[in-house]
Amino acid sequence: KIEVTGEIDEIEGFFRKEDEINIVRIIQESVNNVLKHAEATSVNVVLSLADEHIVLTISDNGRGMEDHSKRSHGLGMNDISERIQLLEGTMQIESSPGKGTTLKFQFI
């Protein structure tokens, strides 16, 4: 059992229609990773429009990771990375053991 909360700003027209599915898939795969790996009891998804760019933040209260930069990435994270490149975005990962993980994506 996991509590999912979210906050989504109106972003209609920011992305081309054919690119909108990439945002949906990034959210979907990120939440799926939380469900599969984080052992979290809550996840929060925030999609906001700020200063002419979109910020997507997905945070959980799960087990976190040691040094995420040295971890091998599975198909899910590879898929997320490809979609970020297609949208010319960036991704930051903040995580530490026992303190959960936050993924932050920015799209201009």
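Here the structure is a predicted model, which is why all the values come from computation and not from measurement.
Contact of the Ile93 side chain with the Met77 side chain is registered, since non-hydrogen atoms from C-beta on lie closer than 4.5 Å. Asp19 places none of its side-chain heavy atoms less than 4.5 Å from the side chain of Leu86.
Here the side chain of Asp60 pairs no donor or acceptor atom with the backbone of Ala40 at under 3.5 angstrom. Between the side chain of Arg63 and the backbone N or O of His37 there is at least one donor-acceptor pair closer than 3.5 Å. Side chain of Glu18 to main chain of Glu20: no donor-acceptor pair is present (N/O by atom type, distance under 3.5 Å, no hydrogens or angles). With hydrogens and angles ignored, the 3.5 Å screen pairs a side-chain donor or acceptor of Ser95 with a backbone N or O of Met65.
Checked by atom type, the side-chain pair Asn61/Thr41 shows a donor-acceptor distance below 3.5 Å.
Put simply, the residue from Thr101, Thr102, Asn44 that forms a side-chain hydrogen bond (donor to acceptor under 3.5 Å, both in side chains) with Ser59 is Thr102. The one candidate from Glu7, Lys104, Gln92 that meets the side-chain contact (heavy atoms from CB on, under 4.5 Å) condition with Thr57 is Lys104.
Here the CD1 atom belonging to Ile27 is positioned 13.5 Å from the CG atom belonging to Asn32, to the nearest 0.5 angstrom. In this structure, CD1 on Ile23 lies 7.5 Å from CD1 on Ile54, to the nearest 0.5 angstrom. Glu12 CD to Leu49 CG: the interatomic distance, rounded to the nearest 0.5 Å, is 12.5 Å. Within the model, atoms CZ of Phe105 and CD1 of Ile84 stand 4.5 Å from one another, a figure rounded to the nearest 0.5 Å. Taken to the nearest 0.5 Å, the CG atom of Leu87 stands 13.5 Å off from the CD atom of Gln106. Atom CG of Leu56 sits about 9.0 Å away from atom CD1 of Ile11, to the nearest 0.5 Å.
The salt bridge (charged side-chain N to carboxylate O under 4.0 Å, His left out) test applied to Glu3 returns no partner, not counting sequence neighbours. With sequence neighbours excluded, no residue forms a ring pair (Phe, Tyr, Trp, His ring centres under 6.0 Å) with Phe14. By the ring pair (Phe, Tyr, Trp, His ring centres under 6.0 Å) test, Phe107 is found to be paired with Phe15, residues two or more places apart in sequence or in another chain being considered.
With salt bridges taken as basic N to acidic carboxylate O contacts below 4.0 Å, none links Glu82 and Arg25.
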Val45 vs Thr5, test: side chain to side chain contact (heavy atoms under 4.5 Å, CB included). Steps then yes/no. CA-CA 6 Å; Val45 178; Thr5 57; over 6 Å; no
Go through the steps for Val4 and Val34 under the test side chain to side chain contact (heavy atoms under 4.5 Å, CB included), then give the verdict. CA-CA 11 Å; Val4 179; Val34 171; over 6 Å; no
Between Ile80 and Ser30, does a side chain to side chain contact (heavy atoms under 4.5 Å, CB included) hold up when you go through it step by step? CA-CA 8 Å; Ile80 289 171; Ser30 297; 3.5 Å; yes
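Under a hydrophobic-cluster definition in which Ile, Leu, Val, Met, Phe, Trp and Tyr are linked whenever side-chain heavy atoms come within less than 4.5 Å, directly or via other members, Val55 and Val46 are assigned to different clusters. In this structure, Leu47 is a member of the same hydrophobic cluster as Leu103, with clusters built from ILVMFWY side-chain heavy atoms closer than 4.5 Å.
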